[in-house]
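Here is the structure we will look at.
Whatever order the structure lists them in is the order used to number ligands and atoms, beginning at 1. Hydrogens, waters and symmetry mates are skipped; everything else that's a heavy atom, side chains included, is used.
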Amino acid sequence: MTILVTGGAGYIGSHMVLELIDHGYDVAILDDLSTGCSAVIHKDARFFQGDVADEAIIDRICQSCDISAVFHFAGSTSLPESIGDPLRYFQNNTEASRALVQNLLRYGVRHIVFSSTAAVYGATSSAPIAETAPCQPASPYGWSKLFTEQMLQDASRASGIGIAILRYFNVAGADPAGRIGQSTPDAQSLIKVACAVAAGKRDVLEIYGNDYATPDGTCVRDYIHVSDLVIAHRLALVALQSGGANILCNLGYGKGHSVREIADAVGRAAGAPLPVRNQPRRAGDQAIVISNADLARERLGWTPAFDDIDVILKTAFAWENVPAR
Ligand SMILES: NC(=O)c1ccc[n+]([C@@H]2O[C@H](COP(=O)([O-])OP(=O)(O)OC[C@H]3O[C@@H](n4cnc5c(N)ncnc54)[C@H](O)[C@@H]3O)[C@@H](O)[C@H]2O)c1
Ligand SMILES: O=c1ccn([C@@H]2O[C@H](COP(=O)(O)OP(=O)(O)O[C@H]3O[C@H](CO)[C@@H](O)[C@H](O)[C@H]3O)[C@@H](O)[C@H]2O)c(=O)[nH]1
């Protein structure tokens, strides 16, 4: 039996593929390479290039591989971008996921693990955020993921397919062995950009807002190492395959770091202070986003191995600090 990883040429998906292959699974990847990178596609995985919403390509994959479970990472991922282009987010995250699930159900796929986000909670939540907090997304990105969560839950009730919905906080870092990292050329996430500045590929780190109600005025986020994140995904699949109930849980470390702290720490990792420039607030940002991830530890038996911001930044910078990347 084969595991299908959608978005397996992207940042998190490529780390998932590595984790699965390291654990002896057969893997197929479906990716349209819209933001993914062919250089990170694992040589031992079968690669299909195309859109997750395309019925014909799902037919081709399911007829040539015995797909038992799907990790669904493919999607559009930028919260600020979604504010300017909401319809693309509802199309590529919600509608494309609906088409994917409908087509997979025809082939008897039994389990789906879905990439959701802390952005489903939105403005009304206090920190740390547990899964029981109300969901009031502050962006089309958050809504596009929340709608998909609801759709999966309803599809599961109707069809019996097992689902795990994992709400990630801020994912960062790279494979500690240096095999892969975040390769998206124009990724705008804080740690990627800060490492690019430290590696001399960008001139300055813009800090979006220094007047938030936080200790140093900059936004606080809960950064989780990508390798811990994909381990939790593998454990979620094992739990579903053992006959466990559907899963909905946060993935984070339950601690926060400000933008300013990240800039300072990347400067330390790189051996020179980072040039920074204060800018106005970015639309859609919350001041503080920190998880309560107790449920993941209980339900999945997950014990993070890289819960250290310096390890996250060291692996991210090591990956970025190669001129060709
Ligand atoms: N990076 C984070 O901090 C974070 C946090 C929460 C949730 N997520 C979610 O995790 C998932 C992966 O994010 P990432 O950071 O690896 O992003 P990414 O852009 O690196 O990866 C997404 C991959 O999906 C592919 N893709 C996009 N639309 C597709 C489509 N319609 N059909 C086929 N392939 C398609 C892209 O080419 C890319 O390879 C996304 O669903 C994202 O919303 C990410
Ligand atoms: O060049 C930059 C980039 C970011 N930031 C700030 O850094 C913080 C983190 O931003 P970013 O790395 O873009 O992450 P988020 O907007 O918090 O969103 C991430 O985390 C969400 C979950 O919390 C995911 O759903 C998203 O896909 C993922 O991009 C925010 O305050 C940004 O304003 C800067 O100041 N300068």
Side-chain angles (χ1 to χ4, degrees), residues 5-16 29-38 40-41 48-54 57 71-82 88-89 91-93 95-97 99-100 114-121 129 137-139 141-142 144-145 148 166-173 182-194 196-197 202 204-210 212 214 218-224 226 229-230 233 250-252 257-260 262-263 276-291:
V5 180
T6 76
Y11 168 47
I12 303 174
S14 61
H15 286 80
M16 186 76 243
I29 294 171
L30 171 58
D31 198 301
D32 65 3
L33 298 182
S34 53
T35 57
C37 180
S38 53
V40 301
I41 296 171
F48 297 84
Q49 184 171 351
D51 189 329
V52 295
D54 178 2
I57 202 159
F71 287 95
H72 179 33
F73 292 97
S76 302
T77 68
S78 164
L79 188 153
E81 186 182 68
S82 77
R88 182 156 76 81
Y89 273 70
Q91 195 286 322
N92 203 38
N93 290 346
E95 165 53 19
S97 297
L100 172 70
F114 173 61
S115 299
S116 191
T117 167
V120 300
Y121 294 113
I129 307 169
S139 64
Y141 170 67
S144 72
K145 292 285 187 175
T148 307
L166 303 178
R167 293 175 174 167
Y168 322 157
F169 285 62
N170 290 57
V171 188
Q182 187 167 19
S183 302
T184 318
D186 57 352
Q188 301 298 321
S189 56
L190 176 65
I191 289 179
K192 173 78 179 174
V193 173
V197 173
R202 293 191 190 215
V204 64
L205 175 70
E206 314 278 10
I207 295 184
Y208 300 130
N210 62 356
Y212 286 96
T214 61
T218 66
C219 289
V220 171
R221 295 288 181 273
D222 181 352
Y223 295 94
I224 172 173
V226 65
L229 187 95
V230 298
H233 282 62
N250 290 338
L251 291 176
H257 299 278
S258 73
V259 175
R260 171 59 72 177
I262 295 295
V276 300
R277 189 161 53 214
N278 288 322
Q279 294 288 0
R281 292 181 177 199
R282 199 179 67 173
D285 275 345
Q286 308 298 310
I288 301 178
V289 184
I290 298 176
S291 68

Counting each atom of ligand 1 from 1 as listed, which ones have a heavy atom of Phe169 under 4.0 Å away? 3 (O), 5 (C)

Using a 4.0 Å heavy-atom cut-off, say whether Ser116 meets ligand 1 through its side chain, its backbone, both or neither. backbone

Go through ligand 2 atom by atom and flag the ones less than 4.0 Å from a non-hydrogen atom of Leu205. 1 (O)

Please work out, at 4.0 Å between heavy atoms, whether the side chain, the backbone, both, or neither of Phe169 comes within that distance of ligand 2. backbone

Would you kindly specify which portion of Leu190 sits under 4.0 Å from ligand 2, judged on non-hydrogen atoms: side chain, backbone, both or neither? both

Geometric N/O contact Ser189 with ligand 2, under 3.5 angstrom: no

Mark the output for Asp51 as yes if a heavy-atom distance to ligand 1 is under 4.0 Å, and as no if none is. yes

Quick check on contacts: which atoms of ligand 1 are under 4.0 angstrom from a heavy atom of Gly7? 23 (C), 24 (O)

Run the contact test for Ser34 against ligand 1 with a 4.0 Å cut-off on heavy atoms, strictly below, and give the result. yes

Can you name the residues that form a salt bridge (charged side-chain N to carboxylate O under 4.0 Å, His left out) with Arg282, not counting sequence neighbours? Asp285

Minimum-distance protein heavy atom relative to atom 14 (O) of ligand 2: Asn170 ND2, 3.1 Å

Quick one: look at Tyr141 and ligand 2, take heavy-atom pairs under 4.0 Å, and tell me if it's side chain, backbone, both or neither. side chain

Under 4.0 Å to a heavy atom of Cys219 - the qualifying atoms of ligand 2, by number: 31 (O)

Sub-4.0 Å heavy-atom contact, Gly50 with ligand 1: yes

Who gets closest to atom 18 (P) of ligand 1 by heavy atom: Ile29, Thr6, Thr35? Thr35

Heteroatom proximity flag, Gly36 to ligand 1, N/O under 3.5 Å: yes

Nearest heavy atom to atom 40 (C) of ligand 1 wins, so pick from Tyr11, Phe73, Phe48, Tyr168. Phe73

For this output row, return yes or no: ring centroids of His15 and Phe73 closer than 6.0 angstrom. no

Looking only at distance, does Leu30 have an N or O less than 3.5 Å from an N or O of ligand 1? no

Please verify whether a non-hydrogen atom of His72 lies at under 4.0 Å from ligand 1. no

shortest atom 5 (N) of ligand 2-to-protein heavy-atom contact is with Tyr208 CD1, 3.7 Å

Gly10, Gly252, Ser38, Ser78: member with heavy atom nearest to atom 21 (O) of ligand 1: Gly10

Suppose I only count heavy atoms of Ile207 and a 4.0 Å limit; which atoms of ligand 2 are within that range? 35 (O)

For the 3.5 Å polar cut-off, considering only N or O atoms, please tell me whether Asp31 and ligand 1 meet it. yes

heavy-atom search around atom 24 (C) of ligand 2 in the protein gives Thr117 OG1, 3.6 Å

Counting only heavy atoms closer than 4.0 Å, does ligand 2 sit against the backbone of Arg221, its side chain, both, or neither? side chain

If you compare Thr77, Ile12, Leu190, Asp54 by their heavy atoms, the one closest to atom 42 (C) of ligand 1 turns out to be Thr77

May I ask you to check whether Glu81 and Tyr141 show a side-chain donor-acceptor distance below 3.5 Å? no

If you measure from each non-hydrogen atom of Asp32 to ligand 1, which part falls under 4.0 Å: side chain, backbone, both or neither? both

Which residue supplies the protein heavy atom nearest to atom 8 (C) of ligand 2, what is that atom called, and how far is it? Val259 CG2, 4.0 Å

Heavy atoms of Lys145 and Ser115 approach each other most closely as NZ-O, 2.9 Å

Closest non-hydrogen protein atom to atom 27 (O) of ligand 2, residue and atom name please, with distance? Thr77 O, 2.9 Å

Quick check: does any side chain N or O of Thr218 sit under 3.5 Å from a backbone N or O of Asn210, one acting as donor and the other as acceptor? no

Structural part of Tyr141 in contact with ligand 1, heavy atom criterion under 4.0 angstrom: side chain

Using distance alone, decide if ligand 1 has a nitrogen or oxygen within less than 3.5 Å of any nitrogen or oxygen in Ala96. no

Mind checking the CG-CD1 spacing from Asp222 to Ile129? Nearest 0.5 Å is all I need. 9.0 Å

Test of understanding: given a 4.0 Å heavy-atom threshold, classify the contact between Arg167 and ligand 1 as side chain, backbone, both, or neither. neither

Atoms in ligand 2 with a heavy atom of Glu206 nearer than 4.0 Å: 1 (O), 2 (C), 34 (C), 35 (O), 36 (N)

If you measure only the distance, is there a donor-acceptor pair under 3.5 Å linking the side chains of Ser144 and Asn93? yes

When every non-hydrogen atom of Gly173 is compared with those of Tyr11, the smallest separation belongs to O-OH, 2.6 Å

Short version for Leu33: what comes under 4.0 Å of ligand 1, heavy atoms counted, is backbone

Please state which part of Ile191 comes within less than 4.0 Å of ligand 2, counting heavy atoms only: side chain, backbone, both or neither. neither

Going by the order shown, which atoms of ligand 2 are within less than 4.0 Å of some heavy atom of Tyr168? 22 (C)

Run the side-chain contact (heavy atoms from CB on, under 4.5 Å) test on Leu205 and Leu190 for me, step by step, so that the C-alpha distance in whole Å, both residues' side-chain angles and the decisive distance to 0.1 Å come before the verdict. CA-CA 9 Å; Leu205 175 70; Leu190 176 65; 3.9 Å; yes

Subset of ligand 2 atoms that lie under 4.0 Å from at least one heavy atom of Gln188: 3 (C)

Examine Cys37 against ligand 1 and note whether any of their N/O atoms are separated by less than 3.5 Å. no

Return a yes/no value for Tyr223: is any of its N or O atoms, backbone included, closer than 3.5 angstrom to an N or O of ligand 2? no

Has Ala9 got any heavy atom lying under 4.0 angstrom from an atom of ligand 1? yes

Which of these, Leu79, Asn92, Thr184, has its nearest heavy atom closest to atom 28 (N) of ligand 1? Asn92

